[in-house]
Each structure stands twice: as C-alpha cells, then as structure tokens.
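Below, chains carry the letters A, B, ... as their sequence lines are ordered, and counting in each starts from 1.
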Amino acid sequence: MATSAVHWTVNSSDTRRPIFFSSPFRQIPTKNFNISCRSAKSPPKSPPDLAEPTTNKKKNKNPSLSLSEQLQPLTTTTLSDPPPPQDQSQLISKPKSIWVNPAKPKRSVLSLQRQKRSLYSYNPQVRDLRGFAHKLNDCDATKVAFLAALEEIPHPPTRENALLILNSLKPWQKTHMFFNWVKSQNLFPVETIFYNVTMKSLRFGRQFQLIEELAEEMIRDEIELDNITYSTIITCAKRSKLFDKAVEWFERMYKTGLMPDEVTYSAILDVYAKLGKVEEVLSLYERGRASGWKPDPIAFSVLGKMFGEAGDYDGIRYVLQEMAALGVEPNLVVYNTLLEAMGKAGKPGLARSLFEEMVESGLTPNEKTLTALVKIYGKARWARDALELWERMRSNKWPMDFILYNTLLNMCADLGLEEEARMLFEDMKQSERCRPDSWSYTAMLNIYGSGGNVDEAMKLFEEMSELGIELNVMGCTCLIQGLGKARRFGDMVRVFDVAVEKGVKPDDRLCGCLLSVVSLCEETEDEDRVLSCLQQANPKLVTHVQVLQDKKIGFETIKDEFRDVIGRTAVESRRPFCNCLIDICRNKNNHERAHELLYLGTLYGLYPGLHNKTAREWCLDVRSLSIGAAHTALEEWMGTLYKIVEREEALPEMFSAQTGSGSHKFSQGLSHSFGSHVKKLAAPFRQSEEKAGSFVATREDLVSWAQSQAPSLAVTTA
DNA sequence: CTAGGGTTAG
C-alpha cells in the first residue's frame, strides 16, 4: 500500500532539535537583532494575473500620518516624562538607530500598570436578581414586553442590584434596553462601569454602531472612558472588520492623554497584525519593549499569528527568541499559534520539534494543537508521523472534535490512506458529538473518487441524499473525477445534474475536471454528453474546444481565443485547462494544435520552470504536465535539440527529463507513459537507475542520435 | 461567568 512515507528519511535527522530555551537562536543577543531590517523581505505572492499587471498599492490611502508617526509628537506633548539625557556622541554616530537600550528607557508608550478593577461586594440578593435577569432574558424582545417584565423586579434597582442584573443579561437587545431604563430612572449616576458592561454585551451582537454612540455619549456627558472602555470598543471594531475605526479610537485615547495598558496595547497590536501591517506592529512592539514592557503570552500569540499569516519563518524565530530572552513560558495557545504558523511557513520538521517540546513541558495538546499538526503532516505527506500521531492521540485519549476528525480525513485523502479513513468515518458515525457532516463526506468522496473506488463513492452519494447532507462543489468534483476515470459517463452526467439542481455552482476546478473527462472519451456520443454538462457551466470553454478542432482556423485566432478563455479562469485552474485541451487535441490526432497550445501555455506563463538550464545540464521538468502535454513537450524538446546539434551550437554535458516518481498515490503513470513515448520517438534517453522518474542522456548520446536521424524525420513523430 | 486582549478545516 501507499502508506510508506517517501519523504520521511529526508527530514528525519535535521529537525529534531528542541526550539525553546536550548535552541541555537537563544545565543543571539536580542539587542543586536535589527527588526527594521527583517521586514524588508516580503512574503512570496500569488502568480501574476494574465489580464492586468500587478499594481503597487500605496501603504496609507489616508493622507494623515501613520500611527507611529503620530505617537512621536504625542508622546512629547501629552506625556510628562522628561526627555532622555542627550548623548552627543551617540547621536552623531547612530542617529537613526531604532534600538533603544533598556537601561535608559525612552518615553513610555504604554502604562506598565494594568488598570485595576473595582471589587464586587457580596450581594445577599444575588439569587433573586439573577433569577429575575433570566426572566428578562426569556421574555419577548419587544419594548412593551420588556417594560412589563421589569415591573416584577424583586428588589429596588440600586446601583449594585442594577449592575448585577446588567451583567446577567444575554441578548444585546435586552442589555441595551435595561441600560436605557436604568438611565431613565435617574436613581444614581451611571458611571463608566455601566457603560463597559453594556458595551461588552453589545459586542457579542457586533453592534459597533451602538457602542460608538455610547462612547460619544460618555464624552458628551463627561463620563470617564478608561482602558476597559477603549479595549472593548477596539476589539468590537476589530471583530466587525472595521479596522480603521479600531485605529481611530486608539488614537483618540492617546489624544486625551490616557495611556493604554497592556491589554489595550495588545488589542491594537492585533488590529495592525490583522491589517497585515507588519512594520507598524513591530514598531509598536519595540516601543512597548523600550518602555519597559514585558509582553505576556497573549502578545506573543498575536505576533506569532501575524508571522504565520505572512509565512514568515524569520518572524516566527524572532518570537521564539524574544520569549526565550525574556523568560516567558509559552502557554497552550502560544504553542498552537506557533505550530500553525510553522505550517504556513512550510516548516513541518520544526513544527514537529515544537510539538514534542510542548508535550515535554507538561502541556496537554488540545483539539486545535492536533488539528494544526495533522494538517501539517498531511500536507508534507509525512505518513509515518501522521499515523504515529494518530496512535498517540488514541492511547493518550487526547481530545477530539469534529474539526479534528475532518482534518484527519483530509490528511488520509492527501496520503491515500483509504482503510484508515474508512475507520475514522465509522468512528464518527458511532460517536455522539462528532457525526459526519458535509465536510466529512467530501473528504471521503475525495478518497474514494481519486482512489478509483467508484462504487463506494456512489454509495456515499446516495447516502448523502438520504440523510439530507449537502453535496458541495468539491464533493461533486471528486465524484465526477472518479466516475470519469472509470468511464461511467451515465452516472457522471446524473451526478452533475443532481448537483446543479441542488444548487451547486460549478467552479473552474469542476470545469477542469469535466474537461479532463472529455479527454478520456473515446466515443463521440460520450463526449457529447460530457460536453453538454460543461456547456451549462462554461459555454465559452466548450466553444473553444470545438474551435480547436477546426483545422481551417489559424493560429492568431486560436491565440486570441485561448487568451480570452484562460484570462477568465481562476489562476489555479489555468494549467489544468491547458493540459486537458492538449490531451483532447492529441486524442483527435491533432498534434499540430497540441504543439500550438503548449506554446501558448508557455507564453502565458502556465508552465514556469518547464525547461531549466545550467552550464552542466539541461532539464525538462514535466511533473506538472498531463500525459499528452508531456509527450508534446518531449517532441518539442527533441526538435529543438536536433536543430541545435545541426547548427553545431554549444551543448551541456548532461540532459535529463523529470516526470516525478508519483509519490502521490494517484499521480503515477506519467513516468511510465513518458518512457514509452521516449521509446517510440527513439530518443536517446534512458531511465536513471539512481532516481525514479528521471530520464537521462549524455551529450554524446544526443549528438549520435541527431546524426542518425534523417533531417525530414526529426521534428515531429506521430 | 460577574466591566477589557490571543488559537482549529479544501
């Protein structure tokens, strides 16, 4: 079975080192680590759009100053600390040094004292009041019903009683009405804490506008806004994705002369992090540190998440290093965040070491930890680690939830672990809390569909209909892929029709899948059936398929239409489309068109790295090509090489063609069929003995091959 | 729980 981990040995030795506290990074003095330099590296971006070039986005669309620029004058005007002693020599030698020696602290940007909360005194009427609050929660949400229910208040609404009730109200509408009622009673001054409690409840309902109105009311009525008020406003804006509002309120706080404490400060760090403003976050972080702040695990979790989103491994290392330097022990959330980040930065080995370190430190992983790790092992195709982890999860009775189950199923799909997936799926069906949902079924359809187990896949399809579980576009794609490969065109058309009827909107991946099924059709009748499905999803693509077969149509016309079709296609589906179109043309013996399409695909950047040249070796890398496209590329290459030999131009010592060895269970076959085509063309390549899926030739092989060819035969062989 | 900040799926 395909369970052996091909890549395991590559990664086994180098990454088992622990990361925290004993890591090699620990020795690097934090002081010398220049943050402003490291953010110069930008993370890799998605491939360019065919239609329009990437535009340079301006950082601040707002003409006003950035926050860090604003902080500078604010700290000099509103904060009372004396300026640091001027050191003339240092000013001259390092005028722009960002790093500040903690021995001579700079003016503060945050208060090191967390705001104190007032203590609740014991209220003997707690039970009554809480019961009453529950009644209010349950009553009708209309104003009339609410005011009627208020009549039954068991004790007079003193300050303490009102606060207790306010704290126990659940839907935001009720909290809001009660708050307004308390204000209207005029029994006592409504202080900050009342506003804060009300805002917290409004935040649950994402009622930012109401929160903002309350804040303006506080300013108007001269009720103090404190750190709790501001952090509630900021996080509500953040959760509603109103990031500019979050920043606005943070700046308003500074303008009133109130210093943020660390809670407000890390809330705003998270706002900038979610905006992707890495430099701003680092600048704020650093200035906080320079103020003598010792960040806590929550702040580090914010930084870790930000670097993870950017896929920035250096950033993750920086977080680890800062924690080690400050002696901050990571907690479970920090570990979870950093594991996830390691995955996004493409460091499975380091994620594994970090996880082991976490377990050794005595923490028990939770569902999120395990989900992150399973996802990483699946993506890295580390079957052995994945299965070992699963075993540990079971024997240690680590917590499971349905997201973890579904992630395990996806991992099985990635690794082709059909038996294991079947067991997991059965476990889920037996369980109380983790019944299979649409995601679970999709994962199973993926496994059965790509594994060629069409009967099982169809069984699940019927089961889903019976249980009323929604078939989504990915599940549909997996099923159609499997049915197409098995040439069960009738079932395929039926599944497509049912899916569309149930509201599945075909996307480009599904169209690509239908197109690949077209390339598998031998009978015109079958082809027409599949094309009629594709017609509903993407009529332009169908027209293009037909136009390609018309040999009277010239290259320029084909080029324009191809450009148009591919330009409308999602980036990740462009190459598959082109591959399928080439396959279809070759099946119809239209080789000339296939060569044109490969040329166009290369022209529009769909096959980057197809041909790699070094002084020593030229390499044709067909790993991302379909069989037909790989054959076309080989013919094209041989033609080119023949011409080069003929013109006696310079050649390297070695030539190789890479098909890949099919480490993915379902991608085998390319190497085999490429090998046959090499034989058919009588090309001088032979299978490499050291490296599976690699075909090699020397310069001598190639030259004698070229000389043995009659010039007329050399270029295209059908 | 008894006014505020951070983490899970193509």
Less than 3.5 Å apart, which donor and acceptor atoms pair up between the side chains of residues 293-304 of chain A and the rest of the protein, not counting sequence neighbours?
from, atom 1, to, atom 2, distance (Å)
Trp293(A), NE1, Glu262(A), OE1, 3.2
Asp296(A), OD1, Ile298(A), N, 3.3
Asp296(A), OD1, Ala299(A), N, 3.2
Ser301(A), OG, Thr337(A), OG1, 3.4

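Within 4.0 Å of Asp270(A), counting heavy atoms only, lie sugar-phosphate atoms of the nucleic acid but no base atom. Residue contacts shown for Val333(A) include a base, since a base heavy atom lies under 4.0 Å away. Using a 4.0 Å heavy-atom cutoff across all strands shown, Thr264(A) reaches at least one base atom of the nucleic acid. Residue-level contact check: Asn331(A) touches the bases, meaning some heavy atom is under 4.0 Å from a base atom. Across all strands shown, Lys170(A) has no heavy atoms under 4.0 Å from either base or sugar-phosphate atoms. Using a 4.0 Å heavy-atom distance criterion, Ser118(A) is classed as a base contact. Residue-level contact check: Tyr230(A) touches neither bases nor backbone, having no heavy atom under 4.0 Å from any strand. Residue Ser266(A) is in base contact, counting any heavy-atom pair closer than 4.0 Å across all strands shown. Within the 4.0 angstrom heavy-atom criterion, no nucleotide atom of any strand lies near Lys379(A). Heavy atoms of Thr229(A) sit nowhere under 4.0 angstrom from any nucleic acid atom. Nucleic acid contact class of Arg509(A) (heavy atoms, under 4.0 Å, all strands): none.
A salt bridge is defined here as a Lys NZ or Arg NE, NH1 or NH2 lying under 4.0 Å from an Asp or Glu carboxylate O, and Glu572(A) with Arg509(A) meets this definition.
Between Arg203(A) and Met199(A) the shortest side-chain heavy-atom distance does not fall below 4.5 Å. Counting only heavy atoms from C-beta outward, the side chains of Asp244(A) and Val247(A) never approach each other to under 4.5 Å.
Under the rule for a salt bridge (Lys or Arg N to Asp or Glu O under 4.0 Å), Glu224(A) has no partner lying at least two apart in sequence or in another chain.
Taking a 6.0 Å sphere around CZ of Phe204(A), one finds it holds 12 or fewer heavy atoms contributed by other residues, nucleotides or ligands.
Heavy-atom contacts of chain A under 4.0 Å fall on DNA chain B between two terminal nucleotides, which in 5' to 3' order are dC1(B) to dG10(B).
Seen from the ring of Trp390(A), Arg392(A) does not count as a face-on cation partner, given the 6.0 Å and 45° thresholds.
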